[in-house]
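Sequence lines set the chain letters: A, B, ... in the order given, protein chains first and strands last, and positions in each chain run from 1.
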There are 2 protein chains.
Amino acid sequence: MRISELAERGGVTVATVKYYLREGLLPPGTPVSARMADYGESHLERLRLLRLLREAGRVPIARLKAVTRAVDAGDTFHDVFGAASDALAPEPRPPGPQRDEALAQVEGLLATAQWEVRASSPDREHLAGVLETISELLGHPLPDEVLAPYVRAADDLARWEIAHLDLERGRAGVLRQMAMGQVLLGEALMALRRLAEESYSSRRFGRGPSPRD
Amino acid sequence: MRISELAERGGVTVATVKYYLREGLLPPGTPVSARMADYGESHLERLRLLRLLREAGRVPIARLKAVTRAVDAGDTFHDVFGAASDALAPEPRPPGPQRDEALAQVEGLLATAQWEVRASSPDREHLAGVLETISELLGHPLPDEVLAPYVRAADDLARWEIAHLDLERGRAGVLRQMAMGQVLLGEALMALRRLAEESYSSRRFGRGPSPRD
């Protein structure tokens with residue numbers, strides 16, 4: 001397809017496609033004349049991935065390069081997934097005096113859940129940062145049994161998500177499904193949880209008891 | 001207790017306590033002399049709530065006032081919860097051409113899940129915005145059966161969370177537990193899900209297959 005069709009089907013402007021080509025985020029097409037090139041389905045899939053990461057995941061251009069390098073260089077789907085996951089992970093909170101204790105709690109959780117996670121995953125530090133903040137606010141670490149329902153929910157969802165990936169769409173397609181799951185379905189899950197909380201709050205408290213101060 | 005003890009136990013500076021008193025976010029203490037006042041456990045609980053919302057939920061001062069008004073005026077725990085939940089909800093994405101369709105999907109989800117949610121909840125619009133973005137990226141609406149595991153996970157967590165609230169700590173205490181659940185345990189859940197996804201990705205893809213382009 002021509003660049004104009006690629007842009008239209010990818011839901012971006014021709015200027016954006018040209019920018020991605022210049023930046024090396026999109027591989028060049030097959031030249032058909034001095035000023036024209038032909039683009040295929042893999043370009044379209046890559047373009048949709050970039051749009052998802054940019055618009056929905058608010059991933060800055062510099063990090064997009066890290067993701068596309070991983071898509072191009074990764075050996076297995078798992079390598080590709082790890083690199084993309086790292087690019088999408090939020091910045092961990094700056095460490096405080098209880099960070100080591102929180103990191104030890106994270107290691108314990110991973111061992112109990114039997115999750116195999118790279119030592120380099122930024123989510124260990126990120127989760128430890130959240131647990132440390134909770135510990136500061138409570139005045140004591142959050143007990144493991146309070147975290148257990150969240151670990152179970154994460155395990156159930158992740159098992160389902162990874163089992164349902166459609167491999168037919170190649171690297172960029174699988175990555176787009178992974179990124180959509182992490183970013184957009186993550187946001188949907190947070191909204192659904194707030195809606196469900198409101199409903200259970202209504203059932204438990206809708207007709208009282210009135211709070212005492 | 002004196003203002004210095006209140007500040008220390010609440011983990012903030014005396015200047016911050018004075019600022020909250022001036023802004024009406026913290027009710028005045030009981031005067032013991034012309035220049036001194038006495039503060040109780042309810043002040044400490046309120047201070048911890050404000051700190052959680054400010055530091056962990058990144059709620060701006062203007063919104064803190066809406067939350068504290070709700071704590072002070074709400075009739076039942078459920079009223080208090082609704083007002084706080086609204087203050088913590090993210091801004092919905094600006095509506096596009098498929099927003100009405102997405103809002104109809106949200107109504108259908110709520111009916112199927114049998115969740116009772118106020119018509120005014122900003123999370124209807126927020127969830128519809130996420131579903132609209134997914135629909136744009138996929139080229140078709142996300143099927144309800146793909147959302148079903150997220151609805152189930154949200155239902156399980158919310159039921160557990162609301163059932164385990166400790167009412168003994170009064171309005172501000174319950175609200176602090178709710179806010180911690182929505183903000184910090186929400187962040188923890190997202191990190192746990194990424195960790196679990198990495199683990200299931202490792203099991204499914206760790207030794208191949210290599211991706212085709």
Side-chain angles (χ1 to χ4, degrees), chain A residues 11 42 48 52 56 75-78 80-82 85 89 115-117 121 123 126-127 130 133-134 137 149-151 153-162 170-171 174 180 182 184-202 204-206 208 210-213, chain B residues 42 48 52 56 75-78 80-82 85 89 115-117 121 123 126-127 130 133-134 136-137 149-151 153-162 170-171 174 180 182 184-202 204-206 208 210-213:
Chain A
S42 69
R48 286 179 170 153
L52 168 67
D75 220 18
T76 64
F77 279 121
H78 183 56
V80 172
F81 178 66
S85 192
W115 290 342
E116 296 162 30
V117 175
S121 163
D123 273 310
H126 175 58
L127 179 57
V130 177
T133 303
I134 292 176
L137 286 162
Y150 300 88
V151 174
D155 192 85
D156 287 346
L157 282 174
R159 189 185 321 112
W160 186 89
E161 287 168 326
I162 299 296
R171 292 174 196 231
V174 167
M180 183 174 287
Q182 290 205 347
L184 289 170
L185 287 170
E187 246 187 88
L189 175 62
M190 290 295 99
L192 287 166
R193 190 174 66 116
R194 274 192 305 274
L195 289 164
E197 284 169 349
E198 174 168 340
S199 178
Y200 282 105
S201 161
S202 165
R204 182 167 178 197
F205 303 122
S210 285
R212 61 169 190 77
D213 282 317
Chain B
S42 69
R48 286 179 170 152
L52 167 67
D75 219 19
T76 64
F77 279 122
H78 182 55
V80 172
F81 178 65
S85 192
W115 290 343
E116 296 163 29
V117 176
S121 164
D123 273 310
H126 175 59
L127 179 57
V130 177
T133 303
I134 293 176
E136 277 169 24
L137 287 160
Y150 299 88
V151 174
D155 192 87
D156 287 346
L157 282 174
R159 190 186 319 113
W160 187 90
E161 288 168 325
I162 299 295
R171 294 173 194 229
V174 168
M180 183 174 287
Q182 289 206 348
L184 290 169
L185 288 169
E187 246 188 87
L189 175 62
M190 291 294 98
L192 288 165
R193 191 174 65 119
R194 275 192 305 273
L195 290 163
E197 283 170 350
E198 174 167 339
S199 177
Y200 282 104
S201 161
S202 165
R204 181 167 178 197
F205 303 123
S210 285
R212 62 170 190 75
D213 280 317

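- The candidate with the highest count of non-hydrogen atom pairs below 4.5 Å against chain B, out of A/Ile134, A/Val130, A/Leu195, A/Leu52, is A/Leu195.
- The backbone N or O of A/Ile162 lies less than 3.5 Å from a partner atom in the side chain of B/Arg204, making a donor-acceptor pair.
- Residue A/Leu192 is tested with B/Val151, B/Asp123, B/Leu157 for a side-chain contact (heavy atoms from CB on, under 4.5 Å); the sole match is B/Val151.
- For A/Glu161, the part lying near chain B is the side chain, with the backbone staying farther off; criterion is any non-hydrogen pair under 4.5 Å.
- Across every non-hydrogen atom of B/Trp115 and A/Ser199, the tightest pair is CA-OG, 3.3 Å.
- B/Tyr150 approaches A/Leu189 most closely through the heavy-atom pair O-CD1, 3.7 Å.
- Contact of the B/Pro149 side chain with the A/Asp156 side chain is not registered, since no non-hydrogen atoms from C-beta on lie closer than 4.5 Å.
- B/Arg159 places no side-chain N or O within donor-acceptor distance of the main-chain N or O of A/Tyr200, the cut-off being under 3.5 Å.
- For B/Arg48, the side chain to side chain donor-acceptor pair (under 3.5 Å) test picks out no residue, with sequence neighbours left out.
- Of all the listed residues (B/Arg194, B/Glu187, B/Met190), the one sharing the greatest number of non-hydrogen pairs under 4.5 Å with chain A is B/Arg194.
- When each of A/Thr133, A/Leu184, A/Val174 is checked for heavy-atom pairs under 4.5 Å with chain B, A/Leu184 comes out on top.
- When the candidates B/Ala89, B/Ala154, B/Ser201, B/Ala191 are compared by the number of heavy-atom contacts under 4.5 Å with chain A, B/Ser201 comes out ahead.
- Legend: residues meeting side chain to side chain donor-acceptor pair (under 3.5 Å) with B/Ser85, ordered by chain and number and at least two apart, are B/Gln182.
- Of all heavy-atom pairs between A/Met180 and B/Leu137, the closest is CE-CB, 3.8 Å.
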### Task
Applying side-chain hydrogen bond (donor to acceptor under 3.5 Å, both in side chains), run through A/Glu116 and B/Ser202 and close with a yes or a no.
CA-CA 7 Å; A/Glu116 296 162 30; B/Ser202 165; 3.1 Å; yes
### Message
B/Phe81 vs A/Glu197, test: side chain to side chain contact (heavy atoms under 4.5 Å, CB included). Steps then yes/no.
### Response
CA-CA 9 Å; B/Phe81 178 65; A/Glu197 284 169 349; 3.6 Å; yes
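- Contacts of A/Trp160 with chain B are made by side-chain atoms alone, with heavy-atom separations under 4.5 Å and no backbone atom involved.
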